[in-house]
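The next block holds one structure in the form of structure tokens; read it before the comments.
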Amino acid sequence: MHSFSPCGQTNVIGRNGEKFALLRLPESSERGGILERVAQLLDSRGESFSHRRALVRLWMLASDDLRLNRWEQKANERTIRPHCAAFLDQLQDEEAITLQDIQAQPLALIRALDDYLASTGPVDSQSTSTSKSSYLIEEGGKGYWLVPVHLAARRKAAMNRQPARLARWFHHHAALPTCTAHGIEVIATLSRSTLDTTLEKLSNQAGGELRAWIAHFDDGADVVWDRGTSPIGNWRTQSVEPHITRQDSVLQTLATATQAGAHVVVFPEFTLDLQHREHLATHLRQNPGCIELVVAGSFHEPTQAADPSIAHNTAPVFARDGRTLFVHRKLRLFGRDDAGAEYAEVGNQLHVLVTPIGCMTVLVCKDFMDEDPRVDNLLAEVPVDWVWVPSYGDETTLRCHKERAKRLATVTTGTSCAVAQTQNTAMKKEGETQRLLPGFGHPAGQNSSCDVASGGGLVEFGLGKQQAPTKSARPALKRVK
């Protein structure tokens with residue numbers, strides 16, 4: 001794992017109500033030519049990594065609203081075309097690009113370099129085992145993961161078509177900070193083996209779809225809570241009982257999802273205990289099937305051997321062979337003053353899986369829809385294509401999830417969401433009857449979500465790839481000197 005220490009060097013600014021981490025360059029740097037570093041990096045002709053660093057540098061500079069606005073007031077989609085064509089020719093011919101030309105047309109250079117890198121050396125999971133160094137870049141004292149953007153929905157989101165939005169100009173790449181404005185570490189990994197192969201095939205199919213099974217249980221089993229471990233009576237999960245009932249339901253869910261042709265299964269929060277989780281991983285190892293990715297719900301798990309009282313709400317993500325791809329630790333805990341809260345530590349990492357159909361992550365319940373500044377704009381600062389959400393809550397929780405999912409799908413980032421929901425029984429009042437709360441999926445670009453039934457259900461997500469540029473294709477317009 002690479003480590004950086006840029007968090008204390010950033011400022012928080014607003015963009016359409018969103019918060020971002022930025023490195024603000026001093027005024028002396030503005031006067032001395034902020035783009036000189038870009039020119040120096042591009043002068044390393046033929047070196048793809050230097051070009052990637054130049055693109056990250058441009059992302060960092062364009063993240064300043066004031067600067068990007070100045071650039072946009074002097075150029076638009078129409079006026080940059082001939083300059084973009086000239087830059088593309090120079091990049092492809094490995095000719096020097098002067099600082100004067102960059103200063104005159106920074107947006108045209110962003111578009112040209114973005115297209116050029118997407119066509120000549122895309123960062124993907126087919127790269128070598130050392131490929132992490134190709135998309136983990138430190139620039140200006142801050143770390144970034146330079147990741148590809150494959151799907152058209154990211155550019156079609158309403159806000160990404162407006163001024164002062166990075167996605168307006170960076171079509172094929174995004175630079176995810178290694179540390180967010182509120183100190184959450186971002187870790188990117190590449191998909192591998194059969195998962196990668198399957199998603200690559202889906203991505204190349206005309207009208208390809210990713211099929212996700214959103215699990216829900218109506219089997220009478222429920223989470224067992226412990227208040228005695230906490231010194232103040234907060235909640236800690238112990239198990240799900242009857243244990244064998246839920247174990248059978250999990251296996252039945254996998255069988256049903258496999259029969260339906262699902263590629264992904266998402267289980268709700270607090271529905272699989274630690275033993276169920278181990279049994280699930282073993283089952284996947286012994287019975288690899290068509291399901292490529294399993295989000296095994298989430299549960300309180302002791303995370304320090306020396307002190308079993310230290311626990312996190314963890315959500316493991318398994319590959320088809322039971323291998324653990326990553327484990328998310330919940331960032332925001334549920335609870336109320338009158339009923340107590342989860343007895344667990346909060347996590348401080350966001351894992352991003354880079355795949356041939358875009359970047360994926362997992363957020364647990366309140367991580368996804370809470371209004372706390374730590375997570376409220378997390379997916380705006382770290383835009384991804386897919387988010388899988390195990391959840392536990394009431395009807396208000398589900399409504400808030402749907403509101404957030406719709407906004408992500410159509411307004412802010414063009415992200416597809418799947419929420420596996422189950423009813424909050426920890427705060428159930430005596431004699432209260434609670435209705436079942438199955439989850440939903442919300443495909444990017446669609447105005448409506450797709451609800452699932454009480455036994456779970458399949459949601460199909462269209463891939464809708466944006467057209468990738470090719471190295472041999474030259475713009476029709478003539479070069480402008």
Side-chain angles (χ1 to χ4, degrees), residues 184-185 215-217 219 221-247 249-250 265-282 294-318 324-351 361-370 372 374-375 388-394 397 401 419-428 437 439:
I184 295 175
E185 182 184 3
H216 186 262
F217 297 108
D219 58 4
D222 201 359
V223 62
V224 177
W225 297 89
D226 169 35
R227 282 181 177 267
T229 305
S230 166
I232 59 172
N234 280 336
W235 303 95
R236 172 71 60 83
T237 57
Q238 286 187 311
S239 62
V240 174
E241 302 295 343
H243 185 85
I244 190 62
T245 299
R246 180 54 49 85
Q247 184 168 298
S249 296
V250 170
V265 174
V266 185
F267 288 101
E269 185 179 17
F270 300 142
T271 56
L272 277 67
D273 62 29
L274 301 183
Q275 285 185 296
H276 290 134
R277 184 185 293 180
E278 292 179 5
H279 188 267
L280 171 60
T282 300
V294 178
V295 182
S298 76
F299 214 72
H300 292 151
E301 176 185 11
T303 48
Q304 288 190 15
D307 186 355
S309 69
I310 302 297
H312 289 80
N313 186 338
T314 63
V317 179
F318 298 141
T324 301
L325 297 175
F326 63 87
V327 178
H328 173 72
R329 292 181 173 183
K330 192 176 182 182
L331 305 170
R332 296 287 298 165
L333 305 181
F334 93 91
R336 297 195 310 252
D337 277 348
D338 62 336
E342 293 181 65
Y343 180 43
E345 304 292 319
V346 294
N348 196 50
Q349 294 179 339
L350 182 71
H351 293 266
T361 195
V362 168
L363 293 171
V364 176
C365 198
K366 287 191 72 174
D367 298 348
F368 181 68
M369 56 80 178
D370 198 71
D372 183 86
R374 195 161 178 256
V375 298
W388 314 116
V389 183
S391 180
Y392 178 91
D394 55 20
T397 307
H401 280 317
V419 177
Q421 176 74 34
T422 195
Q423 179 64 263
N424 176 2
T425 56
M427 298 179 183
K428 180 181 178 181
L437 293 176

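The shortest heavy-atom contact between Val362 and Pro390 is CG1-CD, 4.1 Å. In this structure, Ser391 and His401 approach most closely via the heavy-atom pair OG-NE2, 2.9 Å. The shortest heavy-atom contact between Leu274 and Pro302 is CD1-CD, 4.0 Å. For the residue pair Asn234 and Ser230, the shortest heavy atom distance occurs at N-OG, 3.0 Å. Residues His351 and Thr361 come closest through the heavy atom pair O-OG1, 2.6 Å.
The pair Arg336-Asp338 meets the salt-bridge criterion, with a side-chain N (NZ, NE, NH1 or NH2) lying under 4.0 Å from an Asp/Glu carboxylate O. The pair Arg332-Asp367 fails the salt-bridge criterion, with no side-chain N (NZ, NE, NH1 or NH2) lying under 4.0 Å from an Asp/Glu carboxylate O.
A donor-acceptor pair under 3.5 Å is absent between the side-chain atoms of Asn313 and the main chain of Lys330, judged by distance alone. Arg246 places no side-chain N or O within 3.5 Å of a backbone atom of Val240 that could act as its donor or acceptor partner. Panel note: side chain Trp235, backbone Ala339; a donor-acceptor pair is recorded below 3.5 Å.
Side-chain polar atoms of Asp219 and Ser249 form a donor-acceptor pair below 3.5 angstrom.
Considering CZ of Phe299 and OG1 of Thr237, their distance stands at 3.5 Å, rounded to 0.5 Å. Taking CG of Leu331 as the reference point, atom CD of Gln349 lies at 9.5 Å (rounded to 0.5 Å). The CD atom of Gln421 sits 11.0 Å away from atom OG1 of Thr271, with the distance rounded to the nearest 0.5 Å. Distance CG/Asn424 to SG/Cys365: 9.0 Å, rounded to 0.5 Å. Here the straight-line distance linking atom NE2 of His279 with atom NE2 of His243 works out to 7.5 Å at 0.5 Å rounding.
Here Asp222 pairs with nothing under the salt bridge (charged side-chain N to carboxylate O under 4.0 Å, His left out) rule; sequence neighbours left out. Annotation: salt bridge (charged side-chain N to carboxylate O under 4.0 Å, His left out) contacts of Asp394 (sequence neighbours excluded): none. Under the side-chain hydrogen bond (donor to acceptor under 3.5 Å, both in side chains) criterion, His216 pairs with no residue at all, not counting sequence neighbours. Residues passing the salt bridge (charged side-chain N to carboxylate O under 4.0 Å, His left out) test with Arg277 are Glu301, sequence neighbours excluded. Residues meeting the side-chain hydrogen bond (donor to acceptor under 3.5 Å, both in side chains) test with Glu241, sequence neighbours left out: Ser239.
Pairs passing the ring-ring contact (aromatic ring centres under 6.0 Å, His included) check and including a residue from residues 328-347, sequence neighbours excluded, read Phe334-Tyr392.
No cation-pi contact links Arg236 to Trp225, judged by a cut-off of 6.0 Å to the six-membered ring centre and 45° from its axis.
Among Arg329, Gln304, His312, the one residue that satisfies the side-chain contact (heavy atoms from CB on, under 4.5 Å) test with Glu345 is His312.
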Report the C-alpha separation of Val294 and Leu280 in whole Å, then their side-chain angles, then the decisive distance to 0.1 Å, and conclude whether the side chain to side chain contact (heavy atoms under 4.5 Å, CB included) test is met.
CA-CA 9 Å; Val294 178; Leu280 171 60; 3.9 Å; yes
